[in-house]
Undergrad: 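Mind having a look at this structure? Questions to follow.
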Amino acid sequence: MIEEKGRESLTEREEELAKRLLRQLFSERQAPWQKRILHLRVVGPLLVGLGVVATFYGFEKILDSTSLVNHPWLMLAFGSLILILTGAFYNIVK
């Protein structure tokens, strides 16, 4: 019973520490780092979206300059092969 009581008090202390830490981090007054995070919540996704669109557009232009553009089934097979190989590589690394 002593061990169980010790474990309960340790858990209560951890919970109190976590609550105090959360109160300090997210108090009503904003710290400078919190303002930067709020700013990044808007700018970050816009930059990510721009990067994704630019990457897809770049791949499209590269593929347009190859002979694969005239053979859509070959392009589909090539893309599928790349996905299968990267998936197999991921499973090996994992």
Side-chain angles (χ1 to χ4, degrees):
M1 289 190 96
I2 295 173
E3 290 180 15
E4 289 178 13
K5 195 172 191 179
R7 287 183 187 166
E8 288 176 10
S9 63
L10 181 64
T11 304
E12 290 171 8
R13 279 185 276 163
E14 290 173 347
E15 287 179 16
E16 183 58 37
L17 180 63
K19 287 178 185 178
R20 194 169 8 135
L21 182 63
L22 286 173
R23 267 187 260 124
Q24 288 176 354
L25 285 175
F26 300 105
S27 62
E28 289 184 13
R29 58 188 172 100
Q30 285 187 336
W33 64 269
Q34 287 174 324
K35 291 179 184 176
R36 278 184 259 144
I37 287 176
L38 290 175
H39 181 69
L40 288 176
R41 285 186 183 173
V42 174
V43 175
L46 290 175
L47 290 175
V48 169
L50 179 66
V52 168
V53 169
T55 301
F56 281 131
Y57 187 70
F59 280 133
E60 181 183 351
K61 290 298 177 186
I62 289 171
L63 288 174
D64 283 344
S65 66
T66 65
S67 62
L68 289 176
V69 74
N70 298 327
H71 307 286
W73 288 105
L74 186 61
M75 188 183 300
L76 180 66
F78 182 69
S80 298
L81 178 67
I82 289 175
L83 289 175
I84 290 169
L85 290 176
T86 55
F89 178 72
Y90 178 76
N91 285 335
I92 290 172
V93 173
K94 188 178 174 185

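Predicted, not measured: the structure shown is a model, and the values here were computed from it.
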Undergrad: Return the minimal non-hydrogen interatomic distance between I62 and T66, and the atom names on each side.
TA: O-CG2, 3.4 Å
Undergrad: Is F78 close to I82 at the side-chain level, that is, under 4.5 Å between some pair of heavy atoms?
TA: yes
Undergrad: Identify the heavy atoms of V69 and L63 that sit nearest to each other, and give their distance.
TA: CB-O, 3.9 Å
Undergrad: Please tell me if the side chains of L17 and E14 come closer than 4.5 Å, counting only heavy atoms from C-beta onward.
TA: no
Undergrad: Which hydrophobic side chains are connected to V93, either touching it within the sub-4.5 Å cutoff or through other members that do?
TA: F89
Undergrad: List, by chain and then residue number, the residues other than L81 in its hydrophobic cluster (Ile/Leu/Val/Met/Phe/Trp/Tyr, side-chain heavy atoms under 4.5 Å); write none if there are no others.
TA: L85
